[in-house]
Amino acid sequence: MAGVGGLIYDKDAIYIQTTDRQKKNEGDDLISELAQQTETLDEKLGTTEISIFSGSTGRIKNDDFSDGERRKMIFDNEDEEEGDEDDDSGEDNDEEDLEDEMDDEEYDGSDVDQSGEDEEEEPDDDMVVGAARWKKNIANKAKESFIQRQLNAKNLHSIIYGEETDSSGQFTGLVAETRTTVDCTRHVWAGESGWEDPGRRDSIRDCFVTGEWGGDGDEDEGFGDFEDLEAESEDGVENDDVEEETPQTTEETTQEEEKSKYEKKKEKLKKLFDTDYDENGDESKYFADLQEEVDSQTRTNKEFFADEAHRERYEGYRAGQYVRVTITDMPCELIETFDPHYPLVVGGVANLEHQMGLLQTRTKRHRWYPKILKNQDPIVVSLGWRRFQTRPVYSIQDHNMRQRMLKYTPEHMHCHATFYGPLAPPNTTFIATQGATDKKTSSFRIVATGVVLGLDKTIDVVKKLKLTGTPYKIFKNTAFLKGMFSSILEVSKFEGAMIKTVSGIRGQVKRALSAPPGAFRASFEDKIQISDIVFLRCWVSVDIPKFYTPVINLLTVDKTWSGMRTVAELRRERGETIPVKQDSLYKEIERQQKVFKPLVVSKSLQKNLPFKTKPKVENKRKKQLYVTKRAVVSEPGERRLTTLMQQLLTAQKESDKKKMEKKNKEKEKYLAEQAKITAKRGEKAKERRKIFYQKNAKNDQAGED
């Protein structure tokens with residue numbers, strides 16, 4: 001059981017203690033007293049008496065604030081003569097202190113309480129009953145002080161808008177006292193403000209929200225004409241009637257008036273435009289002056305460039321003029337085979353383009369060309385002003401910045417092409433064709449497009465190389481290998497290279513041997529077999545062929561030119577087939593089953609082995625035992641049971657066979673449906689790839705252009 005405040009809790013029951021408690025709660029007494037009150041809070045405050053000092057017999061009632069007399073504290077410990085002499089002076093000082101305190105907007109009795117605390121330190125038992133007379137009529141005095149401050153404060157509304165407010169009627173029958181102290185919270189302007197002048201007040205009257213902002217048709221022309229409102233009139237008298245002429249707030253203009261104002265404004269703007277920009281206008285001659293200036297400059301230019309030689313010296317030759325050009329070191333075939341039907345375009349190249357070197361480019365096979373490009377097949381490149389034939393080496397950049405050689409160009413990707421030719425600045429675009437004057441080609445002739453990336457003499461294109469060798473002498477973890485290299489120099493280049501056997505045992509090239517040539521010593525992580533094949537994967541640099549042949553079809557009589565032909569074209573002309581290496585053909589691997597010899601344990605070892613590990617293999621018996629030779633004759637009941645079991649097993653096997661056939665048919669049907677779905681998916685994927693590659697090709701072509 002548990003109890004709190006007269007309530008006792010016991011599982012599902014609650015007990016209330018009704019006996020009188022010996023100790024009453026303080027909160028209960030307070031609630032009961034509030035319930036027994038019959039007077040309101042205002043009535044009780046009206047009858048409340050306040051004692052300022054502890055131990056004093058005199059108390060202040062609420063009625064004391066309504067009297068017009070003023071009280072003063074008199075203490076018995078003072079001499080009677082001194083009290084009579086200082087009576088008048090004390091009242092005067094109290095009045096001055098009270099006026100200083102009443103300068104604030106709200107009266108605070110903190111000073112009085114503080115003084116009460118000070119006096120409380122030395123209380124006097126013989127204090128007079130009327131000792132709190134100085135506090136008499138304090139409410140009326142505070143009210144008069146507030147009225148005086150309000151009267152002395154300037155009315156900003158009357159100063160700005162010229163409306164004087166008579167605030168004396170708000171407090172009837174009260175007389176404001178003259179301020180005797182200086183208000184340190186205010187900033188007193190030493191100079192003359194001038195706001196008493198009605199003309200100066202009227203000058204800023206319309207600058208406020210309540211002012212009159214309208215005008216007579218000039219609302220949108222800035223701030224209108226400036227008028228000095230502070231200036232005196234012609235007779236030398238200030239304009240005092242401005243305040244009386246203040247315009248009142250006008251009513252809202254109607255729609256017709258606004259329309260008329262808009263039309264007047266539009267007409268006025270049109271007149272201004274006509275006077276400024278019209279050619280027939282008399283007031284403005286801007287265009288006429290401008291035309292005259294242009295004509296004068298034209299006449300000056302004609303006079304200065306009257307001589308054609310003088311003009312050509314400064315301006316050069318104009319378009320359409322006939323010029324004579326002298327070209328040196330031209331081949332004589334150009335004159336001998338000159339054909340006026342072929343126009344000659346004269347151009348110039350920079351000094352950089354006279355040099356020869358390796359160019360690294362980004363190339364892509366044209367999407368309309370039906371074949372892919374083979375590595376080092378000759379192509380004709382049109383780069384800048386030149387057309388030449390070269391043999392590019394295609395490569396792709398790996399993640400480790402290695403330029404790996406490609407045998408063929410990718411079908412739908414960019415690749416790098418490095419070839420030898422005249423240098424060109426980066427970002428120079430070019431196109432490539434298979435031949436220059438091959439008119440028999442029925443397909444699209446442009447084989448590739450690209451852009452020059454840079455001019456780097458240290459371009460290193462590498463290809464993968466796999467070298468194989470066989471061991472001829474094997475030690476524990478060391479072996480001597482041959483057939484991988486042909487000389488000691490080659491071995492020295494690959495010292496420290498990683499090697500590996502077909503079975504997966506890793507090793508390292510250590511050092512070359514004197515004999516046979518190309519043999520070396522290698523160490524492995526495990527012992528290898530004499531039948532293992534060891535191979536080495538490495539990267540070898542590819543030499544860029546420095547082949548460059550300019551296209552000179554304009555120097556021949558029939559305007560044809562034949563450069564280097566590809567291997568496929570040569571075989572096609574000669575009727576040769578592609579040679580096939582038998583070692584490169586894929587063959588079916590036939591592995592012989594390895595037969596292991598049976599485990600033979602010697603008899604001496606079998607004696608020392610425990611029984612469970614001894615071999616339990618029995619030798620083949622020549623004679624049959626009695627168990628195998630004896631005949632079993634079953635009873636008629638056993639024969640019937642055996643026959644029944646055989647029949648049941650046969651029926652079960654037949655049922656399982658039918659179920660398996662049905663399952664196989666359903667599986668074949670399911671696989672056929674899945675094959676159709678896969679074929680449809682493949683066709684859709686092919687279409688999506690085609691659309692994707694077409695879009696990428698368009699974007700690439702736009703970027704190259």
Side-chain angles (χ1 to χ4, degrees), residues 327 329-331 333-334 344-366 369 371-397 403-410 414-438 445-463 541-556 559-567 569 700-701 703-705:
I327 303 175
D329 298 335
M330 287 295 293
E333 291 82 3
L334 180 64
L344 297 179
V345 181
V346 180
V349 295
N351 295 330
L352 174 68
E353 300 181 19
H354 290 286
Q355 303 177 10
M356 303 292 291
L358 296 178
L359 285 84
Q360 188 176 14
T361 63
R362 184 174 65 246
T363 312
K364 183 181 180 183
R365 182 188 67 87
H366 201 281
Y369 192 70
K371 300 178 182 179
I372 58 176
L373 304 180
K374 188 179 178 181
N375 187 42
Q376 295 192 11
D377 268 2
I379 58 174
V380 176
V381 178
S382 176
L383 179 64
W385 289 100
R386 292 187 173 95
R387 284 189 308 161
F388 56 92
Q389 191 178 37
T390 184
R391 295 174 60 194
V393 175
Y394 302 111
S395 62
I396 192 169
Q397 189 173 12
Q403 292 290 342
R404 178 166 51 87
M405 190 193 74
L406 299 175
K407 293 184 70 175
Y408 299 95
T409 57
H414 285 88
C415 67
H416 290 178
T418 308
F419 55 84
Y420 181 79
L423 301 181
N427 297 330
T428 303
T429 58
F430 67 91
I431 62 172
T433 58
Q434 196 71 46
T437 59
D438 190 4
R445 293 181 58 193
I446 299 177
V447 298
T449 58
V451 61
V452 178
L453 296 180
L455 314 173
D456 191 0
K457 296 182 179 179
T458 61
I459 299 173
D460 189 14
V461 181
V462 296
K463 68 176 181 180
S541 298
V542 179
D543 295 333
I544 309 299
K546 294 185 177 181
F547 175 74
Y548 167 77
T549 302
V551 179
I552 53 173
N553 60 327
L554 295 180
L555 301 180
T556 59
K559 304 300 180 186
T560 58
W561 175 84
S562 60
M564 180 185 288
R565 289 174 292 180
T566 62
V567 178
E569 291 175 353
D700 297 338
Q701 186 177 6
E704 293 174 0
D705 294 341

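Index from 1, following the sequence.
- Taking OG1 of T549 as the reference point, atom CZ of R387 lies at 13.5 Å (rounded to 0.5 Å).
- A heavy-atom distance below 4.5 Å is found between the side chains of P545 and V393.
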> What's the verdict on side-chain contact (heavy atoms from CB on, under 4.5 Å) for H416 and V461, showing C-alpha distance, side-chain angles and the deciding distance?
Replying inline: CA-CA 10 Å; H416 290 178; V461 181; over 6 Å; no

> Can V451 and T429 be said to form a side-chain contact (heavy atoms from CB on, under 4.5 Å), step by step?
Replying inline: CA-CA 4 Å; V451 61; T429 58; 4.3 Å; yes

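- Between Q403 and T418 the shortest side-chain heavy-atom distance does not fall below 4.5 Å.
- Two residues are said to be in side-chain contact when any heavy atoms from C-beta on lie closer than 4.5 Å; M356 and P422 meet this criterion.
- Two residues are said to be in side-chain contact when any heavy atoms from C-beta on lie closer than 4.5 Å; D377 and I379 fail this criterion.
- Here the straight-line distance linking atom CD of E333 with atom OG1 of T556 works out to 10.0 Å at 0.5 Å rounding.
- Side-chain atoms of V551 and V380, non-hydrogen and from C-beta on, do get closer than 4.5 Å to each other.
- L406 places a side-chain heavy atom less than 4.5 Å from the side chain of C415.
- The CD atom of Q397 sits 11.5 Å away from the CZ atom of R362 when rounded to the nearest 0.5 Å.
- Looking only at side-chain heavy atoms (C-beta outward), V447 and L373 come within less than 4.5 Å of each other.
- We find the OH-OG1 distance between Y369 and T449 to be 14.0 Å, quoted to the nearest 0.5 Å.
- Between Y548 and F388, the ring planes lie tilted relative to each other; the angle falls in the 30° to 60° range.
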Under 3.5 Å, sequence neighbours excluded: what are the donor-acceptor pairs made by side chains of residues 346-355?
none

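- Interatomic distance, CD1 of I446 versus CD of Q434, reported as 13.0 Å (0.5 Å rounding).
- Formation of a donor-acceptor pair under 3.5 Å by the T363 side chain with backbone atoms of G450 is not found in this model.
- Between the side chain of N553 and the backbone N or O of W561 there is no donor-acceptor pair closer than 3.5 Å.
- Taking each heavy atom of A424 and V452 in turn, the nearest pair found is O-CG1, 4.0 Å.
- When the side-chain contact (heavy atoms from CB on, under 4.5 Å) test is applied to M564, the partners found at least two apart in sequence or on another chain are P378, Q389, R391, F547.
- Atom-to-atom distance recorded for K407:NZ and N375:CG is 9.5 Å, nearest 0.5 angstrom.
- In this structure, T390 contributes its side chain and Y420 its backbone to a donor-acceptor pair below 3.5 Å.
- Between Q376 and V542 the shortest heavy-atom distance is NE2-CG1, 4.3 Å.
- Between L359 and L455, the closest side-chain pair of non-hydrogen atoms falls below 4.5 Å.
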